[in-house]
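Read through the structure below, which is laid out as structure tokens, and then see the notes.
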Amino acid sequence: QVQLVDFGGGLVQAGDSLRLTCTASSGTFAINHMGWFRQAPGKDREFVAAIAWTGPNTYYADSMRGRFTVSRDNAQNTLYLQMNSLKPEDTAVYYCAARTRVFSNSYYLLYDEGYDYWGQGTQVTVSS
């Protein structure tokens, strides 16, 4: 059972940067991919970015590509999301997620059903 704790959210102004962190513990050997999702009030949870736990592969939602960067520190079992040039529409609760089931296709990384464990979420609020 993987346990995820995500943090680093806060209240920032448009144009600011923020880095989210997600620490994984217990059973991390089984992780093959990790991702970030977000959910704004009244909206469905949406994919933000994902990264292979080993190797170079990263994946981004088109609207975040170029502004957001996902990275990891395997030695610390930590996942990061660097968010630059934040906009008010980036306001949401951000969740990290881990996948441990067998990986077959990157398609599944784009949907929350493709992940097995979730953090509790961290609020990001961007004021205009």
Worksheet item: Do F47 and V93 share a hydrophobic cluster (ILVMFWY, side-chain heavy atoms under 4.5 Å, transitive)?
Response: yes
Assigning hydrophobic clusters by single linkage (Ile, Leu, Val, Met, Phe, Trp, Tyr; side-chain heavy-atom cutoff under 4.5 Å), is L109 placed with I31?
no
So with a 6.0 Å cut-off around OH of Y80, is the heavy-atom count from everything else above 12? yes
(Q) Atom CG of residue position D44 - does it have more than 12 heavy atoms of other residues, nucleotides or ligands inside 6.0 Å? (A) no
What's the separation between atom [atom1] in [X] and atom [atom2] in [Y], rounded to the nearest 0.5 Å?
{"X": "R67", "Y": "L86", "atom1": "CZ", "atom2": "CG", "result": "6.5 Å"}
{"X": "N84", "Y": "T69", "atom1": "CG", "atom2": "OG1", "result": "6.5 Å"}
{"X": "M64", "Y": "S85", "atom1": "CE", "atom2": "OG", "result": "14.0 Å"}
{"X": "L20", "Y": "R38", "atom1": "CG", "atom2": "CZ", "result": "11.0 Å"}
{"X": "F29", "Y": "T100", "atom1": "CZ", "atom2": "OG1", "result": "9.0 Å"}

Check: Ignoring hydrogens and geometry, is there a side-chain-to-backbone donor-acceptor pair from D6 to C96 under 3.5 Å?
Finding: yes
| Side chain of D116, backbone of R101: donor and acceptor closer than 3.5 Å? | yes
Please report the shortest heavy-atom distance between [X] and [Y], naming the atom on each side.
{"X": "W36", "Y": "L81", "answer": "NE1-CB, 3.4 Å"}
{"X": "N32", "Y": "F103", "answer": "OD1-CB, 3.9 Å"}
{"X": "A24", "Y": "V2", "answer": "CB-CG1, 4.4 Å"}
{"X": "A40", "Y": "A92", "answer": "N-CB, 3.7 Å"}

Which of Q1, M34, Q3, R99 passes side chain to side chain contact (heavy atoms under 4.5 Å, CB included) with Y117? It is Q1
Note, [X] side chain near [Y] side chain (heavy atom, < 4.5 Å):
{"X": "Q82", "Y": "S17", "answer": "yes"}
{"X": "I51", "Y": "N57", "answer": "no"}
{"X": "T122", "Y": "Y95", "answer": "no"}
{"X": "T91", "Y": "V124", "answer": "no"}
{"X": "E46", "Y": "F37", "answer": "no"}
{"X": "Y94", "Y": "M83", "answer": "yes"}
{"X": "L4", "Y": "T23", "answer": "no"}

The test is ring pair (Phe, Tyr, Trp, His ring centres under 6.0 Å); show your working for Y108 and Y115 and say whether it passes. CA-CA 8 Å; Y108 299 104; Y115 295 82; over 10 Å; no
What orientation do Y59 and H33 show, parallel under 30°, tilted 30 to 60°, or perpendicular over 60°? tilted
Cation over ring, R45 on W118, under 6.0 Å and within 45°? yes
Do D90 and K87 pass the salt bridge (Lys or Arg N to Asp or Glu O under 4.0 Å) test, and can you show the C-alpha distance, the side-chain angles, and the key distance before you say yes or no? CA-CA 5 Å; D90 294 318; K87 307 174 182 180; over 6 Å; no
The ring-ring contact (aromatic ring centres under 6.0 Å, His included) partners of F7 (sequence neighbours excluded) come to none
